[in-house]
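Worksheet: one structure, shown below.
Whatever order the structure lists them in is the order used to number ligands and atoms, beginning at 1. Small disclaimer: the values here were computed from a predicted structure and weren't measured.
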Amino acid sequence: MTLIIAVDGPAASGKGTIAARLAQTYGLPHLDTGLLYRAVGVKVLEDGDSLDDEAAATEAARGLDASGLSDDSRLTTGEAGEAASRVASFAGVRAALLELQQAFAAQAGGAVLDGRDIGTVIAPGAQAKLFVTATPQVRATRRWKQLTARGIEISFEDMLADIQRRDERDAGRGSAPMVQADDAVLLDTTDMGIEAAFDAARRIVEAARAKYGL
Ligand SMILES: Nc1ncnc2c1ncn2[C@@H]1O[C@H](COP(=O)(O)OP(=O)(O)O)[C@@H](O)[C@H]1O
Ligand SMILES: Nc1ccn([C@@H]2O[C@H](COP(=O)(O)OP(=O)(O)O)[C@@H](O)[C@H]2O)c(=O)n1
């Protein structure tokens, strides 16, 4: 049996940071699945199509080249996050991205994936499942600091409103909504720094490894 680690949670909860560090710790490949939806959203915008156009978004998802996404600075903006969340509600987009993600999860040796539906849809059999969260205020503060450090200007109030709107859309959509899997462990990082959050995440994974003898 291999170790698949599923890390889900809302925007700026720290799931990507935790997933990357877990991957490093256990020597596993890591896929930030949010980048796939961000790339689809940005492609729709760049093609001049509407974010309400499911056919255009599905076509963009089918034609997606998933290589090099983590180096693409166009994908880290607030607009890209918003566009991602809009196209991510389309069943056609999710279906087009399913196989790629499931193949990544199933590769020999195991994998770490982070997103919204990893523990519920992409890898329901994952040995370790974390649902990472924090209050909207704390998450907005983290994302605001991250974006302003990159020279992106946004007010804190707008940031908080963006995060809350995205939370609602992601949790409320019909297709693979953001929800904690029944067997996921909740990790609330509201009062934790990065080190404490990572330590807590590692303990959750260690418990799963012990359970499965991995
Ligand atoms: N526990 C934490 N405490 C403070 N800042 C954090 C914590 N976890 C992550 N961050 C910072 O918050 C920002 C968002 O984290 P990230 O891992 O990208 O979140 P997500 O993948 O959930 O959107 C990053 O700048 C990251 O360094
Ligand atoms: N597995 C996933 C990952 C992301 N997404 C969507 O893509 C958007 C961007 O995801 P992300 O993980 O890059 O966003 P952040 O949490 O980093 O802000 C989310 O708001 C979701 O709508 C999804 O639907 N399913």
Open item on the list: Any nitrogen or oxygen of Arg173 lying under 3.5 Å from a nitrogen or oxygen in ligand 2? Just yes or no.
Closed with: yes
Open item on the list: Heavy-atom distances under 4.0 Å decide this one: backbone, side chain, both or neither, for Ser89 against ligand 2?
Closed with: neither
Open item on the list: Looking at every heavy atom in both Pro177 and Arg173, which two are closest together, and how far apart are they?
Closed with: CB-O, 3.3 Å
Task: Non-neighbouring partners of Arg21 that pass salt bridge (charged side-chain N to carboxylate O under 4.0 Å, His left out), sequence neighbours left out - done: Glu195
Open item on the list: Are Leu187 and Thr133 packed together at the side-chain level, in the sense that at least one heavy-atom pair is separated by less than 4.5 angstrom?
Closed with: no
Open item on the list: Checking a contact table here: which protein heavy atom is nearest atom 2 (C) of ligand 2, and how many Å away?
Closed with: Arg116 N, 3.4 Å
TODO: Return yes if some donor-acceptor pair links the side-chain N/O of Asp47 with the main-chain N/O of Asp49 below 3.5 Å, else return no.
DONE: no
TODO: Could you pull out, from Arg169, Arg143, Arg166, Met178, the option with a heavy atom nearest to atom 17 (O) of ligand 2?
DONE: Arg143
Task: Those atoms of ligand 2 less than 4.0 Å from some heavy atom in Ala84 - done: 7 (O), 8 (C), 9 (C)
Open item on the list: Students should be able to answer this: which protein heavy-atom is nearest to atom 3 (C) of ligand 2, and at what distance?
Closed with: Thr33 OG1, 3.4 Å
Task: Per-residue contact class, Ser85 against ligand 2 - non-hydrogen pairs under 4.0 Å - done: both
- [ ] Just jot down the side chain to side chain donor-acceptor pair (under 3.5 Å) partners of Arg209, sequence neighbours excluded, or say none.
- [x] Glu206
Open item on the list: Give me the atom names and distance for the closest heavy-atom approach of Ile4 to Ala105.
Closed with: CD1-O, 3.3 Å
TODO: Please indicate whether Gln24 has more than 12 foreign heavy atoms, meaning atoms of other residues, nucleotides or ligands, lying under 6.0 Å from its CD.
DONE: no
Open item on the list: I want to know if ligand 2 touches Gln101 in the polar sense, i.e. an N/O pair below 3.5 angstrom.
Closed with: no
Open item on the list: Distance under 4.0 Å to a non-hydrogen atom of Lys15: what atoms of ligand 2 satisfy this?
Closed with: 12 (O), 15 (P), 16 (O)
Open item on the list: If the cut-off is 4.0 Å to any non-hydrogen atom of Gly34, which atoms of ligand 2 fall inside it?
Closed with: 3 (C), 4 (C), 10 (O), 11 (P), 12 (O), 13 (O)
TODO: Indicate whether the side chain of Asp170 and that of Ser85 have a donor and an acceptor atom separated by less than 3.5 Å.
DONE: yes
Open item on the list: Looking at ligand 2, is there an atom of it that comes within less than 4.0 Å of some heavy atom belonging to Ala12?
Closed with: yes
Open item on the list: Quick check: do Ser70 and Asp32 have side-chain heavy atoms less than 4.5 Å from each other?
Closed with: no
TODO: Within a distance under 4.0 Å of any heavy atom of Asp170, pick out the atoms of ligand 2 and give their elements.
DONE: 19 (C), 20 (O), 21 (C), 22 (O)
Task: Partners passing salt bridge (charged side-chain N to carboxylate O under 4.0 Å, His left out) against Arg86 (at least two apart in sequence or in another chain) - done: Asp52
- [ ] Number the atoms of ligand 2 from 1 as they appear, then name those within less than 4.0 Å of a heavy atom of Ala88, with their elements.
- [x] 6 (C), 22 (O), 24 (O)
Task: Side-chain ion pair, Arg94 and Asp117, N-O less than 4.0 Å - done: yes
TODO: If you have a sec, work out which protein heavy atom is nearest atom 25 (N) of ligand 2 and how many Å separate them, to one decimal?
DONE: Arg94 NH2, 3.0 Å
TODO: Look only at interatomic distance and state if Arg38 has a nitrogen or oxygen under 3.5 Å from any nitrogen or oxygen of ligand 2.
DONE: yes
Open item on the list: Any donor-acceptor pair under 3.5 Å linking the side-chain atoms of Thr189 with those of Arg142?
Closed with: yes
Task: Nearest-neighbour protein heavy atom for atom 5 (N) of ligand 2, which is reported as residue plus atom name and distance - done: Tyr37 CD1, 3.6 Å
TODO: Might you list the protein residues in contact with ligand 1, defined as having a heavy atom under 4.0 Å from one of its atoms, sorted by chain and number?
DONE: Pro10, Ala12, Ser13, Gly14, Lys15, Gly16, Thr17, Arg142, Arg143, Gln146, Met192, Gly193, Ile194, Ala197
